[in-house]
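First the structure, in the form of C-alpha cells, and then the observations on it.
Below, chain A is the first sequence line, B the second, and so on; all start at residue 1.
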Amino acid sequence: MASPNALTPQSEDFPRWYQDVVAKAEMADNGPVRGTMVIRPYGYAIWERIQSEIDARIKRTGAQNAYFPLFIPESYLSKEAEHVEGFSPELAVVTHAGGEKLAEPIVVRPTSETVIGEFMAKWIQSYRDLPLLLNQWANVVRWELRPRLFLRSSEFLWQEGHTAHATLEDARAYATRIQVEVYNAFLEEVLAVPTYIGIKPPSERFAGAINTLTCEGMMRDGKALQMATSHELGQNFARAFDILYQSEGGASELCYTTSWGASTRLVGGLIMAHGDDQGLIVPPALAPIQAVVIGVRDEPEVNEACEHVRAQLEDAGVRVVLDAGRGSFGRRVTDWEIKGVPLRVDVGPRDLKEGVVSVTRRDTSAKISWPVAGVGGEASSLLASMQRDLFERARVWRDSHTTEVGSLAQAIEAAQNGFAKLPWSLVGPSDEAALKDQALTVRCLQRADGTIPTSDLEEDLVCLVAKSY
RNA sequence: CGGGCUGUAGCGCAGCUUGGUAGCGCGCUGCGUUCGGGACGCAGAGGUCCCGGGUUCAAAUCCCGGCAGCCCGACCA
C-alpha cells in the first residue's frame, strides 16, 4: 500500500513543500509579530547540533566566546558611512523606554561590528594584544518585508565573530581560515552540503567590508543559498572606532578587523539541500536523533526487545530514541520520515523469531536485516557511509546543476535552474543590472582552479550566477 | 508603497448570490478493537463567523468604514 503524500511534492510547489516540512516535522511556527519565528524543540535540537559543531571549530582557530549587548546607541551605527547606509532600511529602533522618550534612539543590533569595535578600541593597546579573536552567539534583528521561516526572519539566531589584527595579511588569512576551516569544513563534513567557495562581487559585499568570502550551496530546486560569510573589514571600522595599537617600533597603528557569521538560515539550507517528497533528510553527523527504534506491535516481548536494541545502539554511541506503542505502525513510520531520522529500526514478532531487526535507511529507503547482536556496530558503520553518500549525492546534484557558459545570454539561460559559470571579465556593471532584471545575481567569484581569490581585480576569475534565496 | 485575493473551531475550508437553529474534513478527548507503510467503530469537547457602525422583527450573509493577513512588483544572514 503506497501511502498518500503527507506533503506537497517538491515538483508541484517547492515553497509549499518547504512550509509543509517545517510545520509537519515540528521545526518552527510563525511568531505573533510578522517575520518572527518560534523555533520548536526538534528545530532547536538541530540548531543546537549546528551550534556545537561550529562552536568547536571556531574555538580551534583560537577565538573565544563573549557577549555584547542587544541595544546599540544609534550614533555608533553612523560612525561607518557604508555600514549605516547598508543597514538603515532594516533597523528596528527603540525611541521610548521607561515611559519616556529617549534622548538618543537605541538600535536593536542588526550585527555588532560597531559595539564590538568600540570595546576593541578600549582593550587593544599594544601589538601584544593582537590578534584579538572574539565570537558571540546571539540574536539579531533585521526588519524583513518578505519573511520565510529559517531563511529570512526579522529576528534570527547566529554566531558573529569579530577579530582585530596588526596587518592586512593576517586579517585576510584569518577570515579565509574561518571560511575554509570552520564554515566550509562544517558544511561538507556535517551538513553534507558541497559549496562553491569564493568572494562576493563588490555589489554584493557586506556594508563596510573591503572583501566578503562566501560559501554558496545548491538547493533541490536549483536555487543557490548563501550558507555563511566572512568579511575583511580592512581598516574601515578601526578608523571609525579608533582601534589603534602601538607597534614594536612605538608607532600608533590602525588595526585590520574581520567579521564572520553563520545563522539559523543553515536549518533552511539543510531542509532544501537534502529533503525529498517524504520530508527532511538529516545527515547522520548532524542528526539530533540518528536512529529510531519502532516496535511494530505493542506487546511485552516486542517492547522488551525494543528496549534491548535501543540500549545497544546507545552503547555504540548512536543518538537513538525508542517509539513503541503509540498509534499505528504506518503513522509512526511516516512521522519519523518527515523528521528525516537517518535510520529506522523496526522490531516485530517476525524479526524476533529470526533474531534480527529490519532496518530502513532514510535516504534511499533501502531495507536491510541485521542480527540483533550486531546492531550497534552495523548502525555506526552504516551511519558513516550514509554521511558520505549524502554528501556525494549533493555533490552530483550541484555538479549536474552547474553549466559552464561563454556569454551573458547563455548564463541567463543556464541559471534558470542552477549555477552558470562564466568568465568574470564578461560581466560588466551594466550586466549585473541585466542579471538582476532576471532575478539572477553573481553568487561568487573564484579562480579558474576553484580557489579563493584575494580580490575581484585578479585576472582570469570566473563567476557563478544563479537564482538565490 | 502600486496591483490581485482572503478573513467562519487548532489547521484547511463550505455556507453569503436568495437574511431565519453555524457546518464539513483533518486534528483533539474518552472507551474499545487494531498495529509489518498515514487504522476503524462508538461517544464527546471545541465558535466574540476580523473589528465598528448601519439596514431589518431577524445579519456569517446586505450596506458603509476600519483593521489584519496572503500572493505579485523595488532591499537582504
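Here A:Ser153 lies in heavy-atom contact (under 4.0 Å) with a base.
Within a 6.0 Å sphere centred on CD of A:Glu304, heavy atoms belonging to other residues, nucleotides or ligands number 12 at most.
With a 3.5 Å ceiling on both atom-pair distances, the Watson-Crick or G-U wobble partner of B:U29 is B:A43. Summarising the base pairing, B:G20 is matched to B:C57 through a Watson-Crick or G-U wobble pair whose two defining distances lie under 3.5 Å. When Watson-Crick and G-U wobble pairs are counted only if both distances are under 3.5 Å, B:A74 pairs with no nucleotide at all. Both distances falling under 3.5 Å, in either a Watson-Crick or a G-U wobble arrangement, place B:C5 opposite B:G69.
Below 30°, between 30° and 60°, or above 60°: for A:Phe419 and A:Tyr196 the angle between ring planes is above 60°, a perpendicular geometry. Ring-plane geometry between A:Trp17 and A:Phe14 is classed as tilted, the angle between the planes lying from 30 to 60 degrees on a 0 to 90 degree scale.
Here B:A74 presents its C1' atom at 20 Å from CH2 of A:Trp143, a figure rounded to the nearest Å. Here B:C76 presents its P atom at 14 Å from CZ of A:Arg205, a figure rounded to the nearest Å. To the nearest angstrom, C1' of B:C76 lies 15 Å from CD of A:Glu85. Residue A:Asp13 contributes atom CG, which lies 16 Å from atom P of B:C70 at whole-angstrom precision. In this structure, the CZ atom of A:Arg361 is 21 Å from the P atom of B:G37, given to the nearest Å. Remark: C1' of B:G27 and CD of A:Glu26 are 12 Å apart, rounded to the nearest angstrom. The CG atom of A:Asp277 sits 16 Å away from the C1' atom of B:G37 (whole-angstrom rounding).
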Donor-acceptor contacts, no H, no angles, side chain residues 290-302 of chain A, under 3.5 Å, sequence neighbours left out:
residue	atom	partner	partner atom	Å
A:Gln290	OE1	A:Arg319	N	2.8
A:Gln290	NE2	A:Pro284	O	3.0
A:Asp298	OD1	A:Asn303	ND2	2.9

Distances under 3.5 Å between nitrogen or oxygen atoms of protein and nucleotides 30-36 of chain B:
residue	atom	partner	partner atom	Å
B:C35	OP2	A:Arg297	NH1	3.4
B:C35	O2'	A:Val296	O	2.2
B:C35	O2	A:Gly327	O	3.1
B:G36	O6	A:Gly348	O	3.1
B:G36	O6	A:Pro349	N	2.9
B:G36	O6	A:Arg350	N	2.4
B:G36	O6	A:Asp351	N	3.1
B:G36	N1	A:Asp351	OD2	2.4
B:G36	N2	A:Asp351	OD2	2.8
B:G36	N2	A:Ser358	OG	3.1

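One donor-acceptor pair, N or O on each side, does fall under 3.5 Å between the base of B:C76 and the side chain of A:Arg152.
Here the side chains of A:Ile116 and A:Phe241 are not in contact, with every heavy-atom distance at 4.5 Å or above.
A sub-4.0 Å separation between OP1 or OP2 of B:C76 and a side-chain N or O of A:Arg148 is absent. Between A:Lys436 and B:C75, a side-chain N or O to OP1/OP2 separation shorter than 4.0 Å is present.
Salt-bridge formation is not detected for the pair A:Asp335/A:Lys339: no Lys NZ or Arg NE/NH1/NH2 atom is positioned less than 4.0 Å from an Asp or Glu carboxylate oxygen.
Remark: A:Gln64 pairs with no residue by the side chain to side chain contact (heavy atoms under 4.5 Å, CB included) rule, at least two apart or across chains.
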